[in-house]
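Here's the structure we're looking at; comments come further down.
Values below: every heavy atom of this structure, side chains too, minus hydrogens, waters and symmetry copies. Counting convention: from 1, in listed order, for ligands and their atoms alike.
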Amino acid sequence: MVETKIIDGKQIAKEFRENLAKKVQKLGSTPKLAVLVVGEHPASQIYVQNKKKAAVSVGIDVDIYQMAVSETQESILKLIGELNEAKDVDGILIQLPLPEHLDAQILIGAIAPQKDVDGLHPHNVGNMVCGLPAMISCTPLACLYLLKHVLPDMTGMNALVIGRSALVGKPLGQLLLQENCTVVQAHSKTKNLADLARQADIIVCAVGKPGLVNGNMIKDGAIVIDVGINRMDDGRIVGDVLFLEAMQKASYITPVPGGVGPMTIAMLLWNVVKAAEGRFSDCKELVLKK
Ligand code: NAP
């Protein structure tokens with residue numbers, strides 16, 4: 001049995017935010033994030049308040065644009081256009097999910113790429129895939145940061161990414177490829193998930209199914225990053241990985257809660273600061289890598 005160490009995302013994110021706060025002080029002005037919220041989805045309200053609290057703690061201003069659930073695509077596009085032009089706004093974030101009558105792709109595509117702090121604009125996604133400067137989406141960036149915290153050089157590692165969403169799985173697969181991992185990307189149609197998992201030095205699970213990864217699927221000494229967030233009937237929040245079983249096998253593992261979640265918010269703030277640095281230095285390269 002290997003001795004498993006927990007990757008304490010909460011503590012790592014706290015230290016990261018403290019360093020970021022020092023960076024913000026040196027900017028000489030206050031970065032600003034605009035958050036667009038449509039409707040009153042309870043989870044979204046909590047996420048937005050958490051982001052605001054974290055942003056304020058490092059010295060970033062947050063303007064929340066709370067809109068009615070019936071808000072039209074045209075009026076949101078108009079607002080995005082105004083925020084794109086606003087000199088004092090560095091980052092724009094659309095809180096997902098959106099009501100069904102709205103097209104998230106069109107709205108995200110309307111954000112100026114240099115203000116797309118969620119890293120979801122096709123320009124940023126394309127640049128990231130090409131290894132060019134880009135805003136990179138926050139959760140993949142958080143996974144990479146936590147991985148690098150325990151394994152600075154991932155060259156030659158077999159990495160299994162479970163999930164292929166545009167938000168998490170796909171960009172993370174690309175980032176790990178750029179870290180010289182040999183990446184296998186699994187999804188709902190993958191047939192031999194357990195076999196693939198047992199060959200992996202790194203497993204990242206981003207699916208949203210509790211218990212998808214159990215101890216028998218984990219190679220001794222593997223590193224496990226659990227992105228999943230699942231609310232159980234008894235109110236507990238758990239990941240996709242059976243934590244206690246995984247603890248018998250993995251060398252490192254992220255807990256849920258307290259793993260990828262806090263780091264994701266820290267990475268959002270980092271993207272806002274990067275965008276603000278572009279504004280203050282007036283440099284041409286407004287979108288900066290990592
Ligand atoms: P998503 O868009 O629903 O994507 C889920 C992915 O899982 C899809 O690619 C799907 O495959 C795949 N999948 C479904 N069942 C599978 C199975 N049995 N075996 C292998 N793959 C399977 O979800 P998401 O936005 O990527 O989020 C994934 C999870 O991460 C959720 O629990 C979410 O709440 C959580 N999350 C956490 C954070 C954080 O900050 N901690 C941030 C974002 C998301 P197909 O493509 O074939 O359908």
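Salt bridge annotation for K209-D240: absent, with no cationic side-chain nitrogen under 4.0 angstrom from a carboxylate oxygen. Under 4.0 Å is where a charged nitrogen must lie from a carboxylate oxygen, and between E82 and K78 at least one such pair does. With respect to the salt-bridge test (charged N to carboxylate O, under 4.0 angstrom), the residues D90 and K115 do not qualify.
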Ligand 1: protein N/O within less than 3.5 Å of ligand N/O:
unit_1   : atom_1 : unit_2 : atom_2 : d
ligand 1 : 9 (O)  : R164   : N      : 2.8
ligand 1 : 11 (O) : S188   : N      : 3.1
ligand 1 : 15 (N) : K209   : NZ     : 3.2
ligand 1 : 21 (N) : H187   : O      : 3.4
ligand 1 : 21 (N) : S188   : N      : 3.4
ligand 1 : 26 (O) : S165   : OG     : 2.5
ligand 1 : 32 (O) : I229   : N      : 3.0
ligand 1 : 32 (O) : I229   : O      : 3.4
ligand 1 : 40 (O) : T264   : OG1    : 3.0
ligand 1 : 46 (O) : R164   : NE     : 2.7
ligand 1 : 47 (O) : R164   : NE     : 3.2
ligand 1 : 47 (O) : R164   : NH2    : 2.8
ligand 1 : 47 (O) : S188   : N      : 3.2
ligand 1 : 47 (O) : S188   : OG     : 2.5

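Proximity of I136 to N124: side-chain heavy atoms (C-beta onward) are nowhere separated by under 4.5 Å. Side chains of W270 and V117 form no contact here, defined as non-hydrogen atoms less than 4.5 Å apart. With contacts defined as side-chain heavy-atom distances shorter than 4.5 Å, the pair L172/K170 does not qualify.
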